[in-house]
Structures are given as structure tokens and as C-alpha cells.
Amino acid sequence: MRRLILALVLSLAAGLAWAVEPDEMLADPVLEERARVLSRQLRCVVCLNQDIDSSNAGVARTMRLLLRERLVEGDSDAEVLAFFVERYGDFVLFRPPLKGSTYVLWLAPFTIFGAGATAVALTLRRRRPGAGQAGPTALSPEEERELMQFATTEEADRP
């Protein structure tokens with residue numbers, strides 16, 4: 001059973017490593033390493049939650065080739081990323097910049113976490129024994145007088 005699981009894991013890992021085909025790779029190992037690092041920062045526009053380095057989609061291959069072309073032309077890493085952002089928008093970046101159009105994206109997890117924590121705290125507070133019940137209060141003089149009057153009337157009515 002262990003061998004089967006190991007074979008499955010290795011075949012999945014090998015499948016991910018084969019996304020970049022040999023004909024795409026650059027001859028210069030430094031440029032190729034930069035291309036691999038940058039391609040892990042770019043989202044495949046078809047696979048959505050997969051980077052173009054590991055995606056087997058045709059558009060991911062096209063994006064990898066474009067990325068390598070830009071590097072060969074001498075673009076810096078920032079220029080390459082800016083090229084893809086200009087084409088596909090901030091969506092293409094796994095870590096989009098913090099700006100007006102991405103505030104919701106960056107702040108939503110904190111807002112959701114805060115709302116959840118508040119809901120849990122309120123629920124726990126309500127379940128605490130004695131919560132929501134007012135403590136004993138002293139009777140007002142008028143209430144004491146009515147109570148005494150009721151008690152004496154009850155005693156007088158007993159046979």
C-alpha cells in the first residue's frame with residue numbers, strides 16, 4: 001500500500017514538474033531560474049489557482065514563452081510583471097498590490113475573521129450560566145406594602 005501511495009505522489013509531483021517543457025527552457029541557467037521564479041508568481045488565467053509554471057494549459061505555455069521572451073530582451077523582473085499586469089490586470093498576480101481596487105481583496109479575510117470572532121464571542125457569552133438574567137433587586141416600598149397586604153389577605157381567607 002505504501003508503494004502505491006509513494007508511486008501516486010511521485011507521479012503527481014512529476015506531472016507538476018513537466019509543465020515547463022524542454023523546448024521552452026532558456027539556455028542561460030540564470031535567466032531560466034529567473035523565469036521559473038517569475039512564472040510561480042503569475043496566475044494561469046485558465047486554471048485560476050495554479051501558477052503558470054505548473055499549469056499544463058495552452059495559455060500558460062504561451063505566457064511562459066512570453067515571459068522568457070521578455071527576459072531575453074533584457075526586461076527586469078518588475079518590468080516583466082508589469083507587462084503581464086498590463087495585459088491581464090492585477091488578477092494575474094498571486095500577490096496583487098495594495099491599492100483602491102484591491103482593498104476588498106486584502107481586507108476581506110480580516111473582516112470575515114473579525115465577524116466570525118465576534119459571533120463566537122457573543123454566542124459564548126450568551127451560553128454562560130446566568131448570562132442575560134438580571135440579579136435580584138430590592139423591592140420598592142410600594143411593592144413591599146402590596147406584598148404584605150396580599151399575604152395578610154391570604155392568611156385571613158384561610159379556614
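Residues Glu24 and Arg61 are in side-chain contact: their nearest non-hydrogen atoms beyond the backbone lie under 4.5 Å apart. In this structure, the side chains of Asp51 and Arg43 stay at 4.5 Å or more apart for every pair of heavy atoms.
Summarising the geometry, atom CE belonging to Met148 is positioned 9.0 Å from atom CD belonging to Glu144; distances are rounded to the nearest 0.5 Å. Expressed to the nearest 0.5 Å, how far OG1 of Thr123 lies from CZ of Arg125 amounts to 12.0 Å. With values rounded to the nearest 0.5 angstrom, Leu65 atom CG is found 11.0 Å from Ser39 atom OG.
Cluster partners of Met63, using a side-chain heavy-atom cutoff of under 4.5 Å among ILVMFWY residues and allowing indirect links, are Leu26, Leu31, Leu38, Leu42, Val45, Val46, Ile52, Val59, Leu66, Leu67, Leu71, Val72, Val80, Leu81, Phe83, Phe84, Val85, Tyr88, Val92, Leu93.
Glu143 and Leu139 make their closest contact through OE1-CA, 3.4 Å (heavy atoms, listed as atom of the first residue, atom of the second, distance). Annotation for Met25 and Arg68: closest pair CA-NE, 4.2 Å, computed over non-hydrogen atoms.
Environment of CD in Glu73: crowded, with over 12 heavy atoms of neighbouring residues, nucleotides or ligands closer than 6.0 Å.
The salt bridge (Lys or Arg N to Asp or Glu O under 4.0 Å) check on Arg87 picks up nothing, with sequence neighbours excluded.
Under the 3.5 Å distance criterion, the side-chain polar atoms of Arg64 are left unmatched by any main-chain donor or acceptor of Glu21.
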Donor-acceptor pairs under 3.5 angstrom involving side-chain atoms of residues 102-111: please list them, not counting sequence neighbours.
unit_1	atom_1	unit_2	atom_2	d
Thr102	OG1	Pro97	O	2.5
Thr102	OG1	Lys99	N	3.0
Thr102	OG1	Lys99	O	3.1
Trp106	NE1	Pro96	O	3.0
Thr111	OG1	Leu107	O	2.9

